[in-house]
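Take a look at the structure set out below.
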Amino acid sequence: MARFIDELKRSHRCGELRLDHVGQEVVLFGWVHTYRDLGGCVFIDLRDREGITQVVFEPQVNADTHKVADTLRKEWVIGVRGKVRDRGTMRNPKMDTGDIEVTGVELMIFNQSPTPPFEIEDDPRTNEELRLQYRFLDLRRPRVQKLFKLRHNVAQATRRYFDEHGFLEIETPMIVKYTPGGARNFIVPSRLHAGQFYALAESPQLYKQMLMVSGFDRYFQIVKCFRDEDLRIDRQPEFTQIDVEMSFINQDDLFGMIEGLMVNIFKAGLGVDLTERYPGGKFPRLDFYEAMEKYGSDKPDLRFALEHTDLTAITVEHEGGGIPFFGDVAQKFKNGEYRLDLPEAIIKALVIPASAGFSRADVDAFETVVKQNGGKGLARAKVAPDGTWTQSPFKKWATDAYREAVNAQTGAQPGDTILFQVGPEARVHVIMANLRVHIAKKMGLIPETGSGGDWNLSWVVAPPIFEREEDGGWAAAHHAFTRPYDEDLDLIENDPGKVRCYRYDLVLNGFEIGGGSIRLHDPEVQARVFNTLGLDGEEAERLFGFLLKALRYGAPPHGGIALGLDRIAMLLGETNSIRDVVSFPKTQKATDLLTDCPDPVSDDQLADVHIRTVIPKKD
RNA sequence: GCGGUGGUAGUUAAGUUGGUUAUAACGCCGGCCUGUCACGCCGGAGGCCGCGGGUUCGAGUCCCGUCCACCGCGCCA
């Protein structure tokens, strides 16, 4: 019978003890955070997931215990029995438990530890590669443990909220049929069916729609999803969605339900009351086209303005305004090669106010951002007191009329600098959107990372249902089962690019934290959508037959959304990396440095699943 | 697939025009110390300069290749 664990049970967590506990005998378990050996007495900061308590070992209390305490080193795991004592004049106001200490009477060393490769401290001075190799140590950092507690609180608030609103949590398969389109799937070979494959679910999308047909009415699930795509700072190959679907609702009903969820999540995660900022808990809605025009992004950060100005129309009007390259573009619009309503190329501007106080060199540096986003360069013009342009490649070209028109359109004042981008629409938008955020950070309008205490939520609504493919055909901008706006139905055949749909994204401080749609349950409209996509009935049947069949058997009107739990935890946790809120994350090349994965498997294992590998040779 | 940044003691970094034995701080080890809490003081150990080629009398430094990590573009309905 071991003395500690079997007889002496943990009485408190480290971080819990206060002046109220003075005089009590306590038993604490934890890791040695630091030790300070003063010769006569030994101080230990003992750490568990709830905090740190100072334990002092003195020879006059127990000479044997003191002798053992003398050998303790960082990250050893110990148990301590002792008495809580008021520190009196020696209190430490920097510690939550700084008013008290525990005098160690009895001590047990459960396990020693080698010197850790980096120190367990909040400020991670060590590079991430090493921290991921020792993720079990990295996770001991108090700040990281707080993030996981936050994530837990968000998840629990979600479950409570949906339960209270009559939702059922239903699990759906992860090993699923491969369906084309969208993200690349991880594939899973079948042992029982030679040469055939499952896919790992990229989302429960199709299943949750079938659950609506089944009559479950309100469904949610906190569920892992898998996508075999390249990673970013806010993307992991496996990630967690709060997946939701509802029947007999419209877009407003769905928004109301999710707004309520977000209010609960913020309350549980941060203690923040969103209804103070958004009376009635309603988030503003931003039209997709307006978002693209003003911010070049379908997930704009609305904590600051710095809006873009589209100069395409006035440039065409001024036939390029005397600027050679603009003239070429304007000509293509004139002769009908480009269309203003579906532009191949656009010209956009962004005004940096004089008050930003940027030097010429500062503005030069913005060109790096442009190039990083695939742009060629960054033309600019500083507005002189008389309205003319200086520091500009356009200085000698631009006609007075064009210059004045641009100044007026952008609202640029003397001292301001106008930045220009011209090129394919999507490229210009990416460049200008990233430039806008970059400049806002440099101007101090938003912090480099984190919210700055500013939680700006909005819905981005009414995007087009179709987007043009390179071959001139049409593809589903999101998925083929999104309900178009009734008033746009006539355009499905005539002008597909203009058909808006009930698709929506929830955006928080420039991050898409969720997206969904009202589903198309009318078979007649569905057929027309397929037709525009170039899918005949047979082809559609082959690809989505199981869903189409289900929808024929009495599908209720329904719609839903999926929220990114990782991203929500990341943002509420004021960290800029999704890896900080994933317990065992993958690197940017999708490897796990801790377990060294992926890994080759044996020929026997491959034979079991009827697979032969072909490794590409490098030349 | 493409572009950018980085890789030097356990860790974080410095390292000049290519030139003697590659520095510092923290950590680690040993000693002293009964009120520390970034404890202090004294002493010590610790290096395949990511890896492989090349140039050179001589390479951490220059050139070529390669690997790893990070950031972005493409991609992610």
Side-chain angles (χ1 to χ4, degrees), chain A residues 33-46 52-61 66 70 73-75 85 87-95 97-98 101 103 114-121 123-134 137 179-185 202-203 205-206 225-237 239 368-375 426-427 430-431 433-434 437-438 463-467 469 475-482 501 503 505 512 515-517 533 562 564 576-577 579 586-589 591 593 596 618:
Chain A
H33 191 60
T34 58
Y35 64 93
R36 294 175 294 279
D37 180 359
L38 274 65
C41 65
V42 176
F43 293 96
I44 298 292
D45 285 345
L46 189 65
I52 290 175
T53 296
Q54 173 167 290
V55 184
V56 57
F57 297 96
E58 296 164 316
Q60 64 268 30
V61 173
H66 172 260
D70 215 28
R73 289 296 178 268
K74 287 184 180 185
E75 302 308 316
R85 179 160 83 184
R87 285 215 221 169
T89 57
M90 303 311 298
R91 290 178 186 174
N92 183 349
K94 282 185 274 183
M95 293 173 72
T97 59
E101 64 190 0
T103 57
T115 303
F118 50 86
E119 294 186 59
I120 312 303
E121 58 189 4
D123 178 30
R125 290 183 317 170
T126 307
N127 76 58
E128 197 171 1
E129 189 173 357
L130 191 68
R131 288 193 287 123
L132 290 179
Q133 282 166 14
Y134 290 87
L137 294 180
T179 49
R184 195 176 291 125
N185 292 90
E202 63 186 65
S203 80
Q205 179 64 41
L206 303 171
C225 302
F226 306 88
R227 293 181 188 176
D228 188 9
E229 296 290 347
D230 285 352
L231 307 181
R232 290 288 186 278
I233 198 165
D234 61 347
R235 298 198 323 227
Q236 281 278 299
F239 60 99
T368 315
V369 178
V370 173
K371 291 192 167 150
Q372 197 159 41
N373 285 284
R427 175 62 38 199
V430 167
I431 292 166
N434 285 321
V437 173
H438 180 83
I465 188 170
F466 301 110
E467 65 186 11
E469 296 209 287
H478 298 287
H479 70 73
F481 304 98
T482 304
C501 65
R503 155 87 202 182
D505 285 336
E512 178 195 322
S517 63
L533 291 173
N576 67 350
S577 171
R579 295 186 295 273
K586 306 280 192 290
T587 69
Q588 211 206 18
K589 289 234 172 77
T591 63
L593 298 178
D596 190 21
K618 290 202 172 177

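So that the names make sense, note that chain A is the first sequence line, chain B the second, and so on, each numbered from 1. All values derive from a computational prediction rather than experimental measurement.
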Gap in Å between the two C1' atoms, one belonging to B:G19 and one to B:U56, rounded: 12 Å
Distance, C1' atom - from B:C28 to B:C64, rounded to whole angstrom: 39 Å
Whole-Å C1' distance, B:U61 and B:U8: 11 Å
Whole angstrom value for the distance that separates C1' of B:G27 from CG of A:Leu137: 15 Å
C1' atoms of B:A9 and B:A24, separation to the nearest Å: 11 Å
Integer angstrom distance from the C1' of B:C26 to that of B:C67: 29 Å
For the student: nearest non-hydrogen atoms of A:Lys74 and A:His33, plus distance: CG-O, 3.8 Å
Rounded interatomic separation in angstrom, taking CZ from A:Arg125 and P from B:U12: 9 Å
G-U wobble or Watson-Crick pairing nucleotide for B:G35 (cut-off 3.5 Å, both distances): none
Complement of B:U16, any strand, by Watson-Crick or G-U distances under 3.5 angstrom: none
Distance between P atoms of B:G40 and B:U36 (Å, rounded): 12 Å
Residues which pass salt bridge (charged side-chain N to carboxylate O under 4.0 Å, His left out) with A:Arg85, listed by chain and number, not counting sequence neighbours: A:Glu58, A:Glu101
Pairing partner (Watson-Crick or G-U wobble, both distances under 3.5 angstrom) of B:G52: B:C64
B:A59 pairs with, by Watson-Crick or G-U criteria that keep both distances under 3.5 Å: none
Pairing partner (Watson-Crick or G-U wobble, both distances under 3.5 angstrom) of B:C70: B:G4
P spacing across the pair B:G7 / B:G15, given as an integer number of angstrom: 10 Å
Counterpart residues, side-chain contact (heavy atoms from CB on, under 4.5 Å), relative to A:Gln236 (two or more places apart): A:Ile578, A:Arg579, A:Val582, A:Pro585, A:Lys586
Pair of N/O donor and acceptor under 3.5 Å linking B:C76 base with A:Arg235 side chain: yes
Any residue meeting ring pair (Phe, Tyr, Trp, His ring centres under 6.0 Å) with A:His438, in chain and number order, not counting sequence neighbours: A:Phe366
P spacing across the pair B:G18 / B:C63, given as an integer number of angstrom: 10 Å
Where protein sits on nucleotides 33-40 of chain B, one letter per nucleotide: B base, S sugar-phosphate only, - none, heavy atoms under 4.0 Å: BBBBBSB-
Watson-Crick or G-U wobble partner of B:G44, both distances under 3.5 Å: B:C28
Pairing nucleotide - B:A9, Watson-Crick or G-U, each distance under 3.5 Å: none
Separation of B:C28 P from A:Phe118 CZ (nearest whole Å): 15 Å
Residue list, side-chain contact (heavy atoms from CB on, under 4.5 Å) with A:Arg73, at least two apart or on another chain: A:Tyr35, A:Trp76
Complementary nucleotide of B:C76, counting Watson-Crick and G-U pairs under 3.5 Å: none
Qualifying residues under salt bridge (charged side-chain N to carboxylate O under 4.0 Å, His left out), relative to A:Arg184, sequence neighbours excluded: A:Glu229
Results of ring pair (Phe, Tyr, Trp, His ring centres under 6.0 Å) for A:His66 - residues two or more places apart only: none
SB check A:Arg36 A:Asp45 (cutoff 4.0 Å): yes
For A:Arg427, side-chain contact (heavy atoms from CB on, under 4.5 Å) partners two or more places apart: A:Pro424, A:Val430, A:Ile431
pair A:Val42-A:Val56: side-chain heavy atoms closer than 4.5 Å: no
RNA chain B: 5'-proximal contact among A:Arg73 and A:Glu119 (nearest heavy atom): A:Glu119
Whichever of A:Lys371 and A:Ala426 has its nearest RNA chain B nucleotide further upstream toward 5': A:Lys371
For nucleotides 42-46 of chain B, which of its nitrogen or oxygen atoms have a protein nitrogen or oxygen under 3.5 Å away, and what is each distance?
none

Heavy-atom donor-acceptor pair, A:Ser517 side chain to A:Phe481 backbone, under 3.5 Å: no
Test side-chain contact (heavy atoms from CB on, under 4.5 Å) applied to A:Pro464 - qualifying residues, sequence neighbours left out: A:Phe288, A:Tyr289
Could you go through nucleotides 69-73 of chain B and list every protein N or O atom that sits under 3.5 Å from one of its N or O atoms, giving the distance for each pair?
residue : atom : partner  : partner atom : Å
B:A69   : OP1  : A:Thr587 : OG1          : 3.3
B:A69   : OP1  : A:Thr591 : OG1          : 3.0
B:A69   : O4'  : A:Glu129 : OE1          : 3.3
B:C70   : OP1  : A:Gln588 : N            : 3.1
B:C70   : OP2  : A:Gln588 : N            : 2.8
B:C70   : O3'  : A:Arg579 : NH2          : 3.2
B:C71   : OP1  : A:Arg579 : NH2          : 2.9
B:C71   : OP2  : A:Arg579 : NH1          : 3.4
B:G72   : OP2  : A:Ile233 : N            : 3.3
B:G72   : O2'  : A:Gln372 : O            : 3.4
B:C73   : OP2  : A:Arg232 : NE           : 3.0
B:C73   : O2'  : A:Arg427 : NH1          : 3.3
B:C73   : O2'  : A:Arg427 : NH2          : 3.4

Side chain to side chain donor-acceptor pair (under 3.5 Å) involving A:Arg232 - partner list, sequence neighbours excluded: none
d(CD, A:Gln133; C1', B:G10) in whole Å: 13 Å
d(CD1, A:Ile431; C1', B:G74) in whole Å: 13 Å
